[in-house]
Amino acid sequence: ADAQPIVLEGLKSVLRRAKSFRVVAQCTTSEQTLRAVRKHRPDILVLDIHISPKSGFEILRSIVRAKLATRSVVFTALLNARQTLELIRLGASGAVLKEAEPKLLLQCLRRVGAGENCLEPGSRVSAVQPSQRRQTAIGRTYENLTQRQRQIVGMVAKGLRNNEIARKLSIAEGTVQ
């Protein structure tokens, strides 16, 4: 799902060449995307958070509310730390910047298809991998977190709710928030 048809064609081409993926729908609006996810129940949804008229965040919220098993990988040009944390909170399984090499997107999709996440900055197959020219905001933010904060972010990325995390770590829910 992307507002730009040329991006959709490029994605479809990359996925076809990989031969391990099948495209079941292409959508240019948030409404089309939600209808397609409900109809086709894809294993993975690749979407740009800047799709309209609703944002990709609203699409993710709708998927969570409907308790759909579709995992999501955000494919976008720009992703700041606040947005990345929101994606984690909403259960996104991965994020890849549009400046990335196609092989990075494919690696991320394979990881997500295998039940893993690819949102960790600094990992071997980093979802939000900084280019040599600049470091993304999420990388700087993650590096500044304490070990406990990283532990909490990891639990959020696994889909645990604040109250569950608080119980597991024996801390107040407000501390988790």
Side-chain angles (χ1 to χ4, degrees), residues 1-18 20-66 68-114 116-121 123 125-131 133-142 153 156-157 159:
D2 195 295
Q4 302 170 13
I6 196 164
V7 172
L8 291 175
E9 287 301 316
L11 277 172
K12 187 167 66 172
S13 175
V14 167
L15 294 172
R16 274 192 185 144
R17 282 195 314 264
S20 53
F21 300 100
R22 184 170 59 96
V23 176
V24 296
Q26 289 180 232
C27 307
T28 57
T29 68
S30 53
E31 286 90 358
Q32 288 175 346
T33 304
L34 285 171
R35 279 194 306 272
V37 168
R38 288 183 180 116
K39 177 181 177 182
H40 298 288
R41 306 285 174 148
D43 296 324
I44 303 171
L45 166 65
V46 179
L47 79 151
D48 189 340
I49 56 172
H50 302 292
I51 198 166
S52 62
K54 297 178 183 177
S55 73
F57 295 106
E58 277 305 309
I59 294 170
L60 294 174
R61 282 185 194 95
S62 296
I63 290 171
V64 169
R65 277 192 301 270
L68 299 173
T70 298
R71 301 192 72 187
S72 56
V73 172
V74 171
F75 185 60
T76 192
L78 192 59
L79 194 61
N80 64 37
R82 182 189 56 75
Q83 291 169 323
T84 302
L85 292 175
E86 181 68 2
L87 292 176
I88 292 169
R89 192 181 73 69
L90 292 172
S93 299
V96 177
L97 295 177
K98 288 181 177 177
E99 70 181 25
E101 293 292 323
K103 69 180 183 179
L104 180 63
L105 174 63
L106 294 173
Q107 289 170 341
C108 183
L109 291 172
R110 286 186 183 104
R111 286 181 63 190
V112 169
E116 299 176 37
N117 290 331
C118 60
L119 285 164
E120 319 85 21
S123 69
V125 184
S126 176
V128 185
Q129 188 173 23
S131 69
R133 295 182 315 275
R134 65 179 173 80
Q135 182 181 27
T136 60
I138 184 63
R140 287 190 303 273
T141 300
Y142 191 82
V153 168
V156 169

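All residue numbers in this chain count up from 1 along the given sequence.
Among residue pairs with one or both ends in residues 40-55, those qualifying as salt bridge (Lys or Arg N to Asp or Glu O under 4.0 Å) are D48-K98; sequence neighbours excluded. Residue pairs meeting the side-chain hydrogen bond (donor to acceptor under 3.5 Å, both in side chains) criterion with at least one partner in residues 30-39, sequence neighbours excluded, are T28-Q32.
Atoms CG and NE2, on L78 and H50 in that order, are 5.5 Å from each other to the nearest 0.5 Å. Considering CD1 of I49 and CG of L60, their distance stands at 9.0 Å, rounded to 0.5 Å. Interatomic distance, L47 CG to T76 OG1, rounded to the nearest 0.5 Å: 8.5 Å. Residue L106 holds its CG atom at 9.0 Å from CG of L104, rounded to the nearest 0.5 Å. The distance from atom CD1 of I88 to atom CD of Q83, rounded to the nearest 0.5 Å, is 12.5 Å.
L105 places a side-chain heavy atom less than 4.5 Å from the side chain of L11. Using a 4.5 Å cut-off on side-chain heavy atoms (C-beta onward), T84 and V74 make no contact. Put simply, the side chain of V37 does not reach to within 4.5 Å of the side chain of I59, judged on heavy atoms. Contact of the F21 side chain with the V14 side chain is not registered, since no non-hydrogen atoms from C-beta on lie closer than 4.5 Å.
For V73 against C108, the heavy-atom pair with the smallest separation is CG1-SG, 4.1 Å. Residues I44 and T70 share a closest heavy-atom pair of C-CG2, 4.2 Å. Contact detail for C27 and I51: the closest heavy-atom pair is O-CD1, 4.2 Å.
One N or O on the side chain of R111 and one on the backbone of N117 form a donor-acceptor pair closer than 3.5 Å. The closest donor-acceptor contact from the side chain of S62 to the backbone of E58 lies under 3.5 Å. Side-chain atoms of R71 never come within 3.5 Å of backbone atoms of S93 as a donor-acceptor pair (strictly under, hydrogens ignored). Using a distance-only test at 3.5 Å, with no hydrogens or angles considered, no donor-acceptor pair links the side chain of S72 to the main chain of L45.
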Applying side chain to side chain contact (heavy atoms under 4.5 Å, CB included) to L85 and V156, what does each step give before you reach the verdict?
CA-CA 9 Å; L85 292 175; V156 169; over 6 Å; no
Side chain to side chain contact (heavy atoms under 4.5 Å, CB included), that's the test. Do R61 and E86 meet it? Break it down for me.
CA-CA 10 Å; R61 282 185 194 95; E86 181 68 2; 2.8 Å; yes
